[in-house]
Enquirer: 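So that we are looking at the same thing, I have put the structure below in structure tokens.
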Amino acid sequence: MTCSCLRLAVSMHWADVIARDLISRTGSNLISTGITPSGTLHVGTLREAITAEAVRKAVVKAEGSVRMIYLVDSIDPLRKRYPFLPENFEAEVGKPLAYIPCPCGEHKNYAHHYIQPFLDSIQELGIHCDVLWTHEQYEQGRFADVIDTAIVNKERVADILKEVSGRDLPKDFFPYSPRCEECGRLSHTKVTAYEKPYVGYQCACGHSGKADIRKADGKMPWRVEWAAKWKVFGVTCEPFGKDHAAAGGSYDTGVRLAKEIFGIEPPRPVPYEFVQLKGKGQMHKSTGSSVTGVDALRITPPQVMNYIILRVNPERHIDYDSGMGILEMVDEYDRTEKMFYAGGAEERDADLLRAYELSQPEGPRSKQPLQIPYRHLVSLVQIADGFDGVMTILRRMEMLDDSVASEDVAILKQRTDCVKYWLDAFAPDQVKFEVCSSMPECQLSEQEREFLGKLYESMRGVEWEGETLHDAIYGCAKECAVGPRGGFQTLYRIFCDQKQGPRLGFFFSTLDRDFVLGRIKEASD
RNA sequence: GGGCCCGUAGCUCAGCUAGGUAGAGCAAUCGGCUCUUAACCGAUGGGCCGAGGGUUCGAAUCCCUCCGGGCCCGCCA
């Protein structure tokens with residue numbers, strides 16, 4: 001065996017490793033993932049979908065056959081009245097999310113309300129999947145056979161659950177919970193009989209009736225339902241959070257149920273670690289997270305979001321930093337992008353480049369996208385008036401011209417929006433500035449006033465353009481006692497009431513000439 | 001009680017399932033660009049690879065133990 005052959009096997013991105021494994025097992029793969037939309041979705045939800053999509057792309061690249069489904073667990077019951085829900089939702093507890101009204105009244109139902117932002121995100125992130133709603137699957141009778149199988153084998157199902165999880169089950173355990181046709185709740189019914197396809201029940205509300213397993217008249221408990229889904233859809237691969245991966249956890253019971261009850265091989269698991277939020281508070285269930293999945297996407301361009309997830313192994317936890325860290329991530333992303341298109345990267349960066357490639361919603365472009373330094377945008381957004389203003393300044397600075405590709409404009413727009421949202425909600429004060437509409441209170445020394453006076457005269461005669469303004473400021477400050485550093489600081493003080501700020505030349509060039517000169521004159525008097 | 005992940009430069013991490021005496025980015029320092037910085041270019045400094053054993057000619061890399069940190073395991077996806 002030659003060296004070059006060996007080298008091929010050295011480095012492989014985790015998604016490709018999984019893809020290779022999948023292809024070696026079967027000719028037709030189905031990746032499944034999903035969520036219960038009971039409340040606001042967090043960044044971890046994004047990780048699951050992004051992880052699944054990376055595997056899907058990797059299988060496609062390896063020329064395997066693959067499809068991906070996203071299951072919205074819309075038939076799962078509302079477990080309790082969460083703090084963010086109005087009082088009257090107390091009455092909805094126990095009912096399937098799909099049959100509970102929308103909290104804001106603008107969506108079809110509760111489940112839609114919470115999943116819709118995520119479904120929108122999926123588009124941006126380039127996740128290619130078929131979205132399925134579990135309540136619809138039940139309504140269509142797709143689970144009828146597996147429900148019957150579970151019921152017929154309910155003793156063995158119960159044994160497996162007890163054995164693997166080490167927990168006791170209620171004596172009257174039944175692998176199907178009827179939904180009371182009177183009160184709509186799944187949680188208060190007791191099964192009294194089974195005669196295929198009808199499950200007789202008595203509800204705590206007083207009603208007794210029959211549930212048809214071919215309809216959405218009830219559901220399986222989720223551990224059973226999970227394995228049942230594998231059977232019904234033919235799932236061969238599924239990413240899930242580490243909570244499911246714990247010993248005796250739901251994946252373990254799922255494996256046994258799959259093999260012994262449903263007679264199938266369990267899917268290839270892809271356990272992933274949680275995403276932790278750094279910066280503005282951690283992600284606590286009790287306190288609620290200050291950064292939601294939607295927030296994260298609003299401040300992180302989608303490709304970068306993908307990259308954050310894909311650059312590390314799934315089993316590694318990620319600290320999502322909504323503060324300055326986001327700038328560093330975008331910078332790293334841009335660096336990797338340069339490397340990707342420049343070619344000649346070193347072996348050790350192979351996985352990073354692959355992560356970049358997988359991060360592109362529709363695959364990488366043929367040419368390197370336009371790069372405007374992200375940190376620069378942070379300044380521009382605060383100077384310019386809207387996206388058009390940003391574009392205008394970029395043109396003036398010759399960072400882009402009329403030949404700019406529409407895709408690049410789109411990316412720029414997206415990044416500008418992210419920066420704006422970030423500045424509003426998450427950015428540390430250190431990077432923020434604002435033009436004071438009137439002269440801030442400040443004590444200026446004699447030397448500083450002298451500098452401003454000279455600068456006033458100098459700037460009056462100069463072209464109102466970034467570079468020339470900058471030269472005027474620098475030249476003037478250098479000749480004065482305050483020196484360059486002191487000169488710049490003085491200006492920041494009288495314009496922004498800070499001792500630092502954006503690059504002054506460009507900054508001034510975007511402001512009204514009379515306003516700037518007036519302020520300098522005022523301060524020098 | 002059970003399980004998983006992590007502990008390598010100030011920070012975020014590569015390297016670790018092919019063992020041969022450590023890498024990147026950011027930060028820092030210094031210098032350059034007539035140029036303040038949160039920008040650009042260049043250079044420099046900085047780590048006994050959590051601790052202790054073991055295997056080995058040789059370990060950040062394999063095995064064991066321990067310490068430290070994070071997180072899961074209540075039918076709740």
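Residue numbering restarts at 1 for every chain, and letters A, B, ... go by the order of the sequence lines.
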Enquirer: Please measure how far the P atom in B/G25 lies from the corresponding atom in B/G58, and state the result in whole Å.
Expert: 34 Å

Enquirer: Counting side-chain heavy atoms from CB outward, which of B/A38, B/G25, B/C76 is closest to A/R79?
Expert: B/C76

Enquirer: Could you walk me through whether A/F488 and A/F451 pass the ring pair (Phe, Tyr, Trp, His ring centres under 6.0 Å) check?
Expert: CA-CA 10 Å; A/F488 281 103; A/F451 159 69; 8.3 Å; no

Enquirer: What interatomic distance, in whole Å, is found between P of B/C4 and the corresponding atom of B/C66?
Expert: 15 Å

Enquirer: Side chain of A/E328, base of B/G25: donor and acceptor closer than 3.5 Å?
Expert: no

Enquirer: Please report the distance separating the P of B/G31 from the corresponding atom of B/C16, rounded so that it comes out in whole Å.
Expert: 39 Å

Enquirer: Counting side-chain heavy atoms from CB outward, which of B/U12, B/C6, B/C73 is closest to A/R311?
Expert: B/U12

Enquirer: Determine the contact category for A/S250: base if any of its heavy atoms lies under 4.0 Å from a base atom, sugar-phosphate if only primed atoms, P, OP1 or OP2 are that close, otherwise nothing.
Expert: nothing

Enquirer: Given the rule in the ring pair (Phe, Tyr, Trp, His ring centres under 6.0 Å) test, do A/F240 and A/Y251 qualify, once you have shown the distances and angles that lead to the verdict?
Expert: CA-CA 9 Å; A/F240 49 82; A/Y251 181 71; 5.0 Å; yes

Enquirer: Nearest to the side chain of A/E273 - B/G3, B/C72, B/G70?
Expert: B/G70

Enquirer: Rounded off to whole Å, could you give me the CD-to-P distance for the A/E225 and B/C76 pair?
Expert: 13 Å

Enquirer: Choosing from B/A38, B/C26, B/C73, which nucleotide comes nearest the side chain of A/D243?
Expert: B/C73

Enquirer: Ion pair present between A/R185 and A/E92, side-chain N to carboxylate O less than 4.0 angstrom?
Expert: no

Enquirer: Closest approach to the side chain of A/F488, judged atom by atom: which nucleotide of B/C72, B/A38, B/U36 is it?
Expert: B/U36

Enquirer: Roughly how many Å is it from CG in A/D334 to P in B/A24, rounded to a whole number?
Expert: 21 Å

Enquirer: B/A28 and B/A9: how far apart are their C1' atoms, nearest whole angstrom?
Expert: 12 Å

Enquirer: Using the P atom as the point on both nucleotides, what is the distance between B/G42 and B/G54, in whole Å?
Expert: 47 Å

Enquirer: Out of B/C26, B/C72, B/A39, which has the shortest distance to the side chain of A/R375?
Expert: B/A39

Enquirer: Among B/A39, B/C73, B/U36, which nucleotide has an atom closest to any side-chain atom of A/Y492?
Expert: B/U36

Enquirer: Could you check which nucleotide pairs with B/C33 in any of the strands shown, counting Watson-Crick or G-U wobble with both distances under 3.5 Å?
Expert: none

Enquirer: If you measure from the C1' atom in B/G32 to the same atom in B/A39, how many Å do you get, rounded?
Expert: 14 Å

Enquirer: OP1 or OP2 of B/A14 versus the side-chain N and O atoms of A/R316: is any pair under 4.0 Å?
Expert: yes

Enquirer: Which value, in whole Å, describes the distance between the P atoms of nucleotides B/U65 and B/A24?
Expert: 35 Å

Enquirer: Choosing from B/G3, B/A39, B/C72, which nucleotide comes nearest the side chain of A/A247?
Expert: B/G3

Enquirer: Kindly indicate, with the supporting measurements, whether the criterion salt bridge (Lys or Arg N to Asp or Glu O under 4.0 Å) is fulfilled by A/E90 and A/K80.
Expert: CA-CA 7 Å; A/E90 202 67 61; A/K80 60 178 180 186; over 6 Å; no

Enquirer: Counting only Watson-Crick or G-U wobble pairs whose two distances fall under 3.5 Å, which nucleotide matches B/G1?
Expert: B/C73

Enquirer: Could you state the NZ-C1' distance from A/K242 to B/G3, rounded to the nearest angstrom?
Expert: 9 Å

Enquirer: Counting any heavy atom closer than 4.0 Å, what does A/Y374 reach on the DNA or RNA strands: base, sugar-phosphate only, or nothing?
Expert: nothing

Enquirer: My understanding is that only one of A/E48, A/R316, A/K242 makes a side chain to side chain donor-acceptor pair (under 3.5 Å) with A/Y272; could you say which?
Expert: A/E48

Enquirer: Rounded to the nearest angstrom, tell me the gap between atom CZ in A/F274 and atom P in B/G69.
Expert: 21 Å

Enquirer: P atom, B/A14 versus B/U56: distance in rounded Å?
Expert: 31 Å

Enquirer: So, A/F274 versus A/Y320, ring centres under 6.0 angstrom or not?
Expert: no

Enquirer: Side chain of A/E315, heavy atoms from C-beta onward: which of B/U36, B/A38, B/C5 has the nearest atom to it?
Expert: B/C5

Enquirer: Check the pair A/K190, A/D172 against salt bridge (Lys or Arg N to Asp or Glu O under 4.0 Å), reporting the backbone distance first and the verdict last.
Expert: CA-CA 8 Å; A/K190 297 281 184 212; A/D172 56 353; 3.5 Å; yes

Enquirer: Can you tell me the Watson-Crick or wobble partner of B/G7, both distances under 3.5 angstrom?
Expert: B/C67

Enquirer: For the pair made of OH in A/Y272 and P in B/C72, what is the distance, rounded to whole Å?
Expert: 13 Å

Enquirer: Given atom CG of A/D73 and atom C1' of B/C76, what is their separation to the nearest angstrom?
Expert: 12 Å

Enquirer: Starting at atom CG of A/L380, determine the distance to atom C1' of B/U37, rounded to an integer number of angstrom.
Expert: 14 Å

Enquirer: Mind calculating the distance between OH (A/Y320) and C1' (B/C13) to the nearest angstrom?
Expert: 18 Å

Enquirer: Quick one: do A/Y138 and A/E225 satisfy side-chain contact (heavy atoms from CB on, under 4.5 Å)? Show the steps, please.
Expert: CA-CA 11 Å; A/Y138 275 96; A/E225 187 181 85; 2.5 Å; yes

Enquirer: On RNA chain B, check which nucleotide each of A/F433 and A/N313 is closest to and give me the residue with the more 5' one.
Expert: A/N313

Enquirer: Please name the nucleotide paired to B/U12 by Watson-Crick or G-U wobble geometry with both distances under 3.5 Å, or report none.
Expert: B/A24

Enquirer: Identify, between A/D168 and A/S379, the residue whose nearest nucleotide on RNA chain B lies closer to the 5' end.
Expert: A/S379

Enquirer: Once you apply the 3.5 Å cut-off to both distances, tell me the Watson-Crick or G-U wobble partner of B/A18, or none.
Expert: none

